[in-house]
Trainee: 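The structure under discussion is supplied below as structure tokens; questions concerning it will follow.
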Amino acid sequence: MGRDFIREAVEGDIAPGGRFAGVKVHTRFPPEPNAYLHIGHAKALWIDYGIAQDFGGLFNLRFDDTNPTREEQEFVDAIIEDVKWVGANWDDRLFFASDYFDAIYAWAIELIKKGKAYVCDLNSDLVTDYRGTLTAPGKDSPYRNRSVEENLDLFDRMRKGEFPDGSRTLRAKIDMAHANLNMRDPVMYRILHAEHHRQGSKWCVYPMYDWAHGFEDSIEGVTHSLCSLEYENHRPLYDWFIDAVNAGRSDDGSDAWGKKIHHPRQIEFARLNLTYTMMSKRRLIELVQAKLVNGFDDPRMPTLAGLRRRGYTPEAIHDFCTRIGINKTYSVVDIGLLEHCLREDLNKRANRVMAVLHPIKVVIDNYPDGQVDEISAINNPEDAAAGSRKTPFTKVLYIEADDFREEPPKGFFRLAPGREVRLRYAYFITCKSVVKDAAGNVTELHCTYDPATLGGDAPDGRKVKATLHWVSAEKALKAEVRLYDHLFTKPDPDDAPQGQSWKDNINPKSMEVLTECYVEPSLATAEKGQKFQFERLGYFCVDLDSAPGQLVFNRTVSLKDSWAKVEKKGQKV
RNA sequence: UGGGGAAUAGUGUAACGGUAGCACAACUGACUCUGGAUCAGUUAGUUAAGGUUCGAAUCCUUAUUCCCCAGCCA
């Protein structure tokens, strides 16, 4: 019960009498190494890997590197790191489509010999012309009926590099009038005099994805080729190619062409879309190249590298992938769900610390000069094992500027002239007076504290309505904090008026850098990537740019802020 | 106007002829040394019209809407 449609199909396939009865379930994640992985890939990855796990099967990581003009080693390395980080385990099954080029080439020769493929001299434009349209049938290439011998000779010379790029292709002989355009004599090989990141200059012809992909899965024994919806129209072609090779072959290998090759089953599902997010690889590359973000691992990017740097955890991503489910319906998931999964995970594991992002100075007038109280603070109320720590309290402190209002609006519980509040784990303080600069801005608060309230409770039982976070002005560490917001201002970045584009919807305030922040001294030894909850503010992690004495934090996600909601509502009225 | 898919609260997803459920969001309230967390509750849905059936989100028919396909990209 509650099983997704793919798992149901797999279950049927491996059941007695099923297509793969008695066979071990085998899946794969087949990225093209031409960009960084994003959260949408994590969904696909988690489906592929999760199904292999659930059925006690095998999972491969395979790079689909059939186009040397856009693939690079940099992306291979980045993808491996990302897949590892997400937590999918391919054991020793890391493969490259390019390692199968010889086998795939041999099958192409076989199809030529079987009269099912031919060398076509039409150039790119003419191939398009001959293909017809969605509603009109195409027409046969004039080269469609070349002899097997001529095709073999020409294809061999294509491989040897005798012809320039684009001058000829090897095509499958299917049906130029087919209602499915993918079946109108698709190109199997194109001539490309390009250096391949693994094959060097060995090849002058490269297989097209459609021709190669089914064989890659076949070679690896993949039972279930899971992919996104746009490949649904291609499935009949993959089946045709495998069937074409298997024609003249038998299970025991006694037929003319030998033994049949494995025929995987492809199942398609809808790719992930997120509100306020762009998932197109092309556009993510564009954002990076146009320097609209600071690289693929910019914490605002939906790339796995970006999410990791932002402070996301693999566990939050797993939870998210599980919750969104699998289907064939176009859908856009609320990014709030991703953030919810993150908060839920971080709430359990991130230690609490105090940090003041927009400091305002507080002087405790009746607190002895030079005195330091080591205040005991709980590291994580959700995890008793996390223990506690000491944090210094002194006469001069910083609190959040937003936690004080000279004229508090209705519903504001925090500090105001004459009001008493609690400083978390420390003392009750009462605001006595305010110091302003020439422009009338509040620069300093003078308060008194009640020594009897050490630890945060009043012996006389009196209550306060607010608890504020604070740091010692003298002992705190100065830090840089980067606040992030959605990269786009609209739930659908493509929602732009006539004449404008998605780029006009980029959020100009997606990053705010605060350089005057103060964090409690216990953070001096925080390591890159380490995650914390800054009490009452949100979850933060130490950025890659951080250095000892030069701490830099990223805001991963804010805490839910019900006061902000109340205040907002008050403004509307 | 060709072919291939898909339609369930605002969003995502269950229900496989038998009480339309869950999660996120939103809104109430309780509790709280984080206006956090937690807990309790509320609002809100089967694209439409016919048909089959004791009974339909589910089966049939028709319509509507949305997505994908005319790279020598993947």
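Excluded from the calculations below are hydrogen atoms, water molecules and symmetry mates; all remaining heavy atoms, backbone and side chain alike, are included. Lettering of chains follows the sequences in order, A, B, ..., and the numbering in each one begins at 1.
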Trainee: If you look at every strand shown and take non-hydrogen atoms under 4.0 Å, does A/Gly411 touch a base, only sugar-phosphate, or nothing?
Mentor: base
Trainee: Determine the contact category for A/Thr66: base if any of its heavy atoms lies under 4.0 Å from a base atom, sugar-phosphate if only primed atoms, P, OP1 or OP2 are that close, otherwise nothing.
Mentor: sugar-phosphate
Trainee: For A/Ile335, report the nucleic acid contact type (base, sugar-phosphate, nothing); a contact means any heavy atom under 4.0 Å.
Mentor: nothing
Trainee: Within the structure shown, what part of the strands sits under 4.0 Å from A/Arg352 by heavy-atom distance: base, sugar-phosphate, or nothing?
Mentor: base
Trainee: Report which part of the nucleic acid A/Thr169 touches: base, sugar-phosphate, or nothing (heavy-atom distance under 4.0 Å, all strands).
Mentor: base
Trainee: With distance as the sole criterion, is a donor-acceptor pair present between the side chains of A/His469 and A/Glu400 under 3.5 Å?
Mentor: yes
Trainee: At less than 4.0 Å, is any side-chain N or O atom of A/Arg343 found next to OP1 or OP2 of B/rU34? Yes or no.
Mentor: no
Trainee: For a quick check of understanding: with a heavy-atom distance under 4.0 Å over all strands, which category does A/Val566 fall into, base, sugar-phosphate or nothing?
Mentor: nothing
Trainee: Would one find more than 12 heavy atoms of other residues, nucleotides or ligands at under 6.0 Å from atom CD of A/Glu374?
Mentor: yes
Trainee: Give one of base, sugar-phosphate or nothing for A/Thr133, where a contact means two heavy atoms less than 4.0 Å apart.
Mentor: base
Trainee: Among A/Trp470, A/Phe553, A/Tyr518, find the residue that satisfies the ring-ring contact (aromatic ring centres under 6.0 Å, His included) test when tested with A/Phe534.
Mentor: A/Phe553
Trainee: Base, sugar-phosphate or nothing for A/Asn34? Non-hydrogen atoms, less than 4.0 Å.
Mentor: nothing
Trainee: For B/rG51, does the glycosidic angle fall within 90° of 0 (syn) or outside that (anti)?
Mentor: anti
Trainee: Looking at B/rU19, which nucleotide sits across from it as a Watson-Crick or G-U wobble partner, both distances under 3.5 angstrom, or is there none?
Mentor: none
Trainee: Strictly by modelled atom types, are A/Tyr238 and A/Asp210 linked by a side-chain donor-acceptor pair under 3.5 Å?
Mentor: yes
Trainee: Should A/Tyr330 be counted as stacked on B/rA6, where stacking needs a ring-centre gap under 5.5 Å and an angle between planes under 30 degrees?
Mentor: no
Trainee: Please classify the nucleic acid contact of A/Glu268 as base, sugar-phosphate, or nothing, using heavy-atom distances under 4.0 Å.
Mentor: nothing
